[in-house]
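What follows is one structure encoded as structure tokens, with my remarks underneath.
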There are 2 protein chains.
Amino acid sequence: MNKTLYNTLIELSPICKKDYLSSISVDCVVFGFYNDKLKVLLIQLDGLDAWGLPGGYILKEEDLNKAANRILEERTGAKDIFLNQFKSFGKTNRSENVFKDCPDDLWHKQRYISVAFYALIDYHKVTPVVDKYSAACEWKDVDNLPDFMMDHQTIFESALLQLRKDLNYKPVGLNLLPEKFTMPELQRLYEAILNKELNRGNFYRRMKRYGILNKLDETRKGGAHKAPDLYQFDKEAYKCSLENGLSEIW
Amino acid sequence: MNKTLYNTLIELSPICKKDYLSSISVDCVVFGFYNDKLKVLLIQLDGLDAWGLPGGYILKEEDLNKAANRILEERTGAKDIFLNQFKSFGKTNRSENVFKDCPDDLWHKQRYISVAFYALIDYHKVTPVVDKYSAACEWKDVDNLPDFMMDHQTIFESALLQLRKDLNYKPVGLNLLPEKFTMPELQRLYEAILNKELNRGNFYRRMKRYGILNKLDETRKGGAHKAPDLYQFDKEAYKCSLENGLSEIW
DNA sequence: CCAAAAGTGTTGAACTTACACCCATGA
DNA sequence: TCATGGGTGTAAGTTCAACACTTTTGG
């Protein structure tokens, strides 16, 4: 840890102690989609090599979900992000050595239970914000990730697994794709999330069966080949299938 | 609130403050199965009408999962319970008026973020324990529940929904049924969880296809009709399907 | 016209659903 | 023996994976 971060921590510690709930934090795994790649928004603390998930603390009079939204808005500039709380992490040793050189009464050095959210957000609507603690805030490819600090690798992997599981019964795409998109683009999003190739014909049929897509009278011109049809999500049907699920067995 | 509970709270407050993490609690939705009914273990605080979920706090040097296990063991006498952390609850107003007559610095009156677990446990292995705070600890039918305190109704419903969702890709039964059981018994467990009737033949085939059952050379004698075959779970296959899931779409 | 990608059709296997049928048992 | 519940069979419809075929586009 370098001196800048150390001084920032010492300076902010009493303020945090006053404003925030102790022992509890929020971490966000922010997914985006760009250039056929699934991305995740990571930050780098000043003077540390390892990267971490954007996170923060909960104000003493603030709802948990509100806190997650606020933290993400501060970090991305985007409002009303799709957020899904998926698990809390509370091993005693999870923060390990990051603050080992700091005084024991430093706010940030205490033990935290972290409530983790994953977020789906349009890559183009995000302006990564570098805050007081951090030296960088960048999108990273999920298949080419840097070293993580603390247990953030575990949290990230848990988020990706949860997202993949959610694909089984929730629609995904409204928050990750632009307004208009083609079937092949949607398919590549699914392939990026699942990290495996899907059969084109079967994917088309399944998506159509879900009934959440409106085919537009336009095609995506400009490619070197046949112009694919453009689609939009049917907002109502999408919302309905988000709430009621796409395929239950029982 | 009656005087007994009030005095207990005042007495325990400083001890809690010393031993536990502040602002964070654990609540458990404990499911059991008895007499073809899905049950949930509830407690009643001394002098209150409404019922609540068994819960507790996290020791300052205790892992989150350990805490949940400890809390349940204290309450049920059972060890190594199947626990599934499914969500955390953190609305600012969630504890509402329960402690409104108590001093503001009472440990129990502070605002909590509660990490909720659901537990599946053999009804016969539980001995409900009434602790210092509570007047009662009893199994209740999930289709005939009393009034809940705080947001525990929400937490309970969320747990049941999660359990139903988990039925889609996890086996259930090892923790809720006795060692040996019949197909109709297993089916009635599923029906109790889902609160809907299932087709017998199709249920049989699905369970067999999962490959987690061993058919025994015994039948359940004593009923008024044809003696049904007895089954056991194949522990290895069960564990494997718990980890890898039973049916993924993609 | 050609290559390549988009869109659609086909086919057999697997699974679901909804029944029907037979079997075993105690009353 | 008979009512009842347990176990299995079957036929129609649906979904699936895999693959082939047709269409559309820019070069």
Side-chain angles (χ1 to χ4, degrees), chain A residues 35-36 164 167-171 173 177-178 180-192 194-232 241 245-250, chain B residues 35-36 164 167-171 173 177-178 180-192 194 196-233 241 245-250:
Chain A
N35 252 335
D36 293 351
R164 282 179 187 158
L167 272 196
N168 285 329
Y169 48 94
K170 301 276 183 203
L177 292 173
K180 300 174 182 182
F181 54 90
T182 67
M183 265 308 187
E185 285 164 6
L186 183 60
Q187 180 175 348
R188 284 196 290 274
L189 169 61
Y190 272 72
E191 290 176 337
L194 295 165
N195 194 29
K196 74 163 121 173
E197 294 192 0
L198 301 174
N199 178 281
R200 185 161 39 101
N202 302 332
F203 184 82
Y204 275 51
R205 267 185 289 277
R206 181 187 287 272
M207 281 300 148
K208 280 186 181 158
R209 185 158 42 82
Y210 285 167
I212 53 171
L213 293 177
N214 289 329
K215 190 173 189 166
L216 304 176
D217 287 331
E218 311 170 60
T219 53
R220 166 92 76 228
K221 301 283 184 187
H225 310 290
K226 176 172 177 177
D229 301 334
L230 278 167
Y231 291 84
Q232 263 184 337
S241 61
L246 288 168
S247 62
E248 309 286 338
I249 299 184
W250 299 100
Chain B
N35 252 335
D36 293 352
R164 283 178 187 160
L167 273 196
N168 285 328
Y169 49 94
K170 302 277 185 202
L177 292 172
K180 299 175 181 180
F181 54 89
T182 67
M183 270 300 190
E185 285 164 4
L186 183 59
Q187 181 174 347
R188 284 197 289 274
L189 169 60
Y190 271 71
E191 290 176 337
L194 295 165
K196 75 162 124 175
E197 294 192 359
L198 301 173
N199 178 282
R200 185 161 41 100
N202 303 333
F203 183 83
Y204 275 51
R205 267 184 289 277
R206 181 186 286 272
M207 281 301 149
K208 280 185 181 158
R209 186 158 41 82
Y210 285 167
I212 54 172
L213 293 178
N214 289 330
K215 189 173 188 165
L216 304 176
D217 287 333
E218 310 172 59
T219 52
R220 165 94 74 227
K221 301 281 185 186
H225 308 292
K226 176 172 178 178
D229 301 334
L230 279 167
Y231 291 85
Q232 263 185 336
F233 284 110
S241 60
L246 288 168
S247 63
E248 309 285 338
I249 299 183
W250 298 100

Report task. Describe the nucleic acid contact of B:R205 in one word from base, sugar-phosphate, nothing, applying a heavy-atom distance below 4.0 Å. Result -> base
Report task. Assign B:R209 to base, sugar-phosphate, or nothing according to its heavy-atom contacts below 4.0 angstrom with the strands shown. Result ->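 Sugar-phosphate contact only - B:R209 comes under 4.0 Å of backbone atoms but never of a base.
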Query raised in the report: Heavy atoms, side chains only, cut-off 4.5 Å: are B:T219 and B:P228 in contact?
Result: no
Distance-only donor-acceptor hits, side chain of residues 181-192 of chain B, under 3.5 Å, sequence neighbours excluded:
from: B:T182; atom 1: OG1; to: B:E185; atom 2: N; distance (Å): 3.2
from: B:E185; atom 1: OE1; to: B:T182; atom 2: N; distance (Å): 3.0
from: B:E185; atom 1: OE1; to: B:R220; atom 2: NH2; distance (Å): 3.0
from: B:E185; atom 1: OE2; to: B:R220; atom 2: NE; distance (Å): 3.2
from: B:E185; atom 1: OE2; to: B:R220; atom 2: NH2; distance (Å): 2.9
from: B:Q187; atom 1: NE2; to: B:E191; atom 2: OE2; distance (Å): 3.1
from: B:Q187; atom 1: NE2; to: B:L198; atom 2: O; distance (Å): 2.9
from: B:R188; atom 1: NE; to: B:D36; atom 2: OD1; distance (Å): 3.1
from: B:R188; atom 1: NE; to: B:D36; atom 2: OD2; distance (Å): 3.1
from: B:E191; atom 1: OE2; to: B:L198; atom 2: N; distance (Å): 2.8

Query raised in the report: Between OG of B:S247 and CZ of B:R209, what distance do you get to the nearest 0.5 Å?
Result: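 If we round to the nearest 0.5 Å, B:S247:OG and B:R209:CZ are 8.5 Å apart.
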**Report entry** Any residue meeting salt bridge (Lys or Arg N to Asp or Glu O under 4.0 Å) with B:K180, in chain and number order, not counting sequence neighbours
**Finding:**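 So B:K180 forms a salt bridge (Lys or Arg N to Asp or Glu O under 4.0 Å) with B:E218.
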Query - Stretch residues 217-228 of chain A: residues that reach within less than 4.0 Å of DNA chain C through a heavy atom - result: A:H225, A:K226, A:P228
Query - Residue met sooner reading DNA chain C from 5', once B:N199 and A:M183 are mapped to nucleotides - result: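 Upstream on the strand: A:M183.
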Requested in this report: List the steps, then state whether side chain to side chain contact (heavy atoms under 4.5 Å, CB included) holds for B:E248 with A:N168.
Outcome: CA-CA 7 Å; B:E248 309 285 338; A:N168 285 329; 2.8 Å; yes
**Report entry** For the student: nearest non-hydrogen atoms of B:I212 and B:P171, plus distance
**Finding:** CD1-CB, 3.7 Å
**Report entry** Summary of salt bridge (charged side-chain N to carboxylate O under 4.0 Å, His left out) pairs that have at least one residue in residues 221-232 of chain B, sequence neighbours excluded
**Finding:**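 Only B:K215-B:D229 qualify under salt bridge (charged side-chain N to carboxylate O under 4.0 Å, His left out).
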Query raised in the report: Nucleotide range of DNA chain C contacted by chain B, 5' to 3', under 4.0 Å to a heavy atom?
Result: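 So the contact region on DNA chain C extends C:dC15 to C:dG26.
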Query raised in the report: Under 3.5 Å, is there a donor-acceptor pair between the A:Y204 and A:R200 side chains?
Result: no
Report task. Give me the first and last nucleotide of DNA chain D, going 5' to 3', that has any atom under 4.0 Å from a heavy atom of chain B. Result ->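 Range of nucleotides within reach of chain B: D:dT4 to D:dT10.
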Query raised in the report: What do the steps show when you test B:L167 against A:W250 for side chain to side chain contact (heavy atoms under 4.5 Å, CB included), and what is the final call?
Result: CA-CA 8 Å; B:L167 273 196; A:W250 299 100; 3.8 Å; yes
Query raised in the report: Mapping B:W250 and B:P184 to their closest nucleotides on DNA chain D, which lands nearer the 5' end?
Result: B:P184
**Report entry** Trace of the side chain to side chain contact (heavy atoms under 4.5 Å, CB included) decision for A:L213 with A:K208
**Finding:** CA-CA 7 Å; A:L213 293 177; A:K208 280 186 181 158; 5.7 Å; no
